[in-house]
Amino acid sequence: MAFLTIAKSGTLALNERSKQLETTGRPIHRLGFGESPFLPPPYVQSALQNAAIRKDYTPVAGLPELRERIADFHQEIDGYPVSMEQVLVAPGTKLLLSNIMHAFQDAEVYLPAPSWVSYAPQAAMEGHRLIRVPTFWETQWRVDPELLDATITCHGRSGADKLIVLNYPNNPHGLTYSRDELLALADVLRKHEVWAIADEIYALLHHRGLHASLASIYPERTLVTTGMSKWCGAGGWRLGALLLPQDTPADLYDAMVGLGSETYSCASVPIQVAALSAYELSAELHDFLNRQRRVLAVIGHMIHAEVTRLGIRAHRPEGGFYMLIDFSPFSELLARREIHGDADLCERLLEEAGVALLPGSCFGLTATDLTARLAYVDFDGPAALNDAKEDDAVILRHAGKMLQGIADLGQWLNRLSEDKDSR
Ligand code: PMP
Ligand code: GLU
């Protein structure tokens, strides 16, 4: 017998492991898994409760009224025309991403390194040719248009479909693109007729509310993925949405709906009804988003300051709830303790300091670069939202457990230096 070889996704494996370690009574600083700390607003929770009676299957593409509401929502927020025919709803963005990969045949998939853990396995499952586009600390991990152009020119085969996944605000590094930077990237994508998957799932959590959508710049070939997992604090509800271009080829649309019909049938109907309420533009919704942004900005900046104070390198995050931290200044010290790569590093940190981080190699970085992703979500989100309009100091009280985690990380690093000095 022969079965597919596929490991459990690094994010989910770490979440399960951290939870399991906690059940043994060990305090764990959960800075590894990226789950929103916030809850869906009470009126969205009530909408879900009231929808428990719904048990019907919806059309594969989603409830028409929800597709229309999501179209209106993004048209208003992102400032470009979107109609309901362009919207597909599914049980999670992950499934939409994987079905997009499935819909293309024998494509070239260009993935920035680093990028989110699941894109590469999804591309590999479909037998696509994976081409990494390196990005660098010095240039804020942004894809350089000239390098992208050169990479496609060098690796692209004529006639092959080309796909790139651009995710911003980004998981794992928390940085994003300005409209001008997207314009420069769009020129290259247009030149090579590349399909762009713009994974904008963290768009509404841009800390300053300044997200620019690639679909407003490169409308002809941008597939936007988004959903309720991040901005609505509803990861486990599993609701994702895809915004297709206005002139999507009928074959692509039919493939997406056909794949949905043979895999998930439709997103859960009570969740779709709750999403109708979540996607209603109102003063309450803007308040909910503004509070999340403020809390994430204040806490993210403080965590960044504390991490860099230890001598670890990191860029200050601009959106979402992650940052990529770089232990290379400690590489010699780590090597003396037989820590040569990021997986060893994260394993030892979890075992010896109770600090859970996800290795940068899960995101396509080189293990010996000694990077790890830190998710700053281990706090009481609803309580922090209540204090979102208070002074920074009040908000920061909610970050106590994470700050303790960073302090424990610092002590672990200090012990490394002491061990070195005593040799
Ligand atoms: N894209 C990125 C960048 C993510 O971090 C996640 C994490 N959940 C997803 C997609 C998948 O989201 P969903 O929960 O909608 O499947
Ligand atoms: N997006 C989250 C993360 O990167 C986890 C959820 C998932 O991977 O499905 O940690």
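Both ligands and their constituent atoms are indexed starting at 1 by order of listing.
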How about I6: does its CD1 atom have over 12 heavy atoms from other parts shown lying under 6.0 Å from it?
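Atom CD1 in I6 is packed in, count exceeds 12.
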Taking [atom] as the reference point, the nearest protein heavy atom with its distance:
atom                    : answer
atom 2 (C) of ligand 2  : G34 O, 3.3 Å
atom 12 (O) of ligand 1 : I201 CD1, 3.3 Å
atom 7 (C) of ligand 1  : K230 NZ, 3.1 Å

Which ligand 2 atoms does [X] reach within 4.0 Å, using its non-hydrogen atoms?
X    : value
Y322 : 1 (N), 2 (C), 3 (C), 4 (O)
K230 : 1 (N), 2 (C)
K94  : 7 (C), 8 (O), 9 (O)
T11  : 3 (C), 4 (O), 5 (C), 7 (C), 8 (O), 10 (O)

Check each atom of ligand 1 against the heavy atoms of [X] and keep those under 4.0 Å away; list them by number with element.
X    : value
R238 : 13 (P), 14 (O), 16 (O)
G92  : 15 (O), 16 (O)
N167 : 3 (C)

Could you establish whether E35 and ligand 1 come within less than 4.0 Å of each other, counting only heavy atoms on the residue side?
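Checking ligand 1 against E35, which is what was asked, there is no heavy-atom contact under 4.0 Å.
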Value rounded to 0.5 Å, distance of OH in Y202 from OG in S36
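Going from OH on Y202 over to OG on S36, the span is 9.5 Å.
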Is V117 close to ligand 2, meaning an N/O of one under 3.5 Å from an N/O of the other?
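Min N/O separation from ligand 2 is not below 3.5 Å for V117.
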Give the intermediate values and the outcome of ring pair (Phe, Tyr, Trp, His ring centres under 6.0 Å) for residues F327 and W412.
CA-CA 13 Å; F327 289 82; W412 183 80; 7.5 Å; no
Would you say that L223 contacts L244 through its side chain, given a criterion of any heavy-atom pair below 4.5 Å between the two side chains?
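A side-chain contact under 4.5 Å exists here.
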Using the benzene-type ring in the case of Trp, are the ring centres of H206 and Y168 under 6.0 Å apart?
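Between Y168 and H206, which both carry aromatic rings, the centre distance is not below 6.0 Å.
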Could you tell me whether D199 approaches ligand 1 through its side chain, its backbone, both or neither, with non-hydrogen atoms closer than 4.0 Å?
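Side chain only.
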Counting heavy atoms only, which of R373, E35, R238 comes nearest to atom 10 (O) of ligand 2?
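Considering heavy atoms of R373, E35, R238, the nearest to atom 10 (O) of ligand 2 sits in R373.
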Which is closest to atom 6 (C) of ligand 1 by heavy-atom distance: F33, Y119, W116, F321?
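Considering heavy atoms of F33, Y119, W116, F321, the nearest to atom 6 (C) of ligand 1 sits in W116.
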Report the relative orientation of the aromatic rings in Y279 and H74; use parallel for angles under 30°, tilted for 30 to 60°, perpendicular for over 60°.
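Tilted.
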Side chains of residues 264-275: which donor-acceptor partners sit under 3.5 Å, not counting sequence neighbours?
from	atom 1	to	atom 2	distance (Å)
Q272	OE1	L63	N	2.8
Q272	NE2	T58	OG1	3.0
Q272	NE2	A267	O	2.9

S229 to ligand 1: N or O pair under 3.5 Å?
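Right, the criterion is met.
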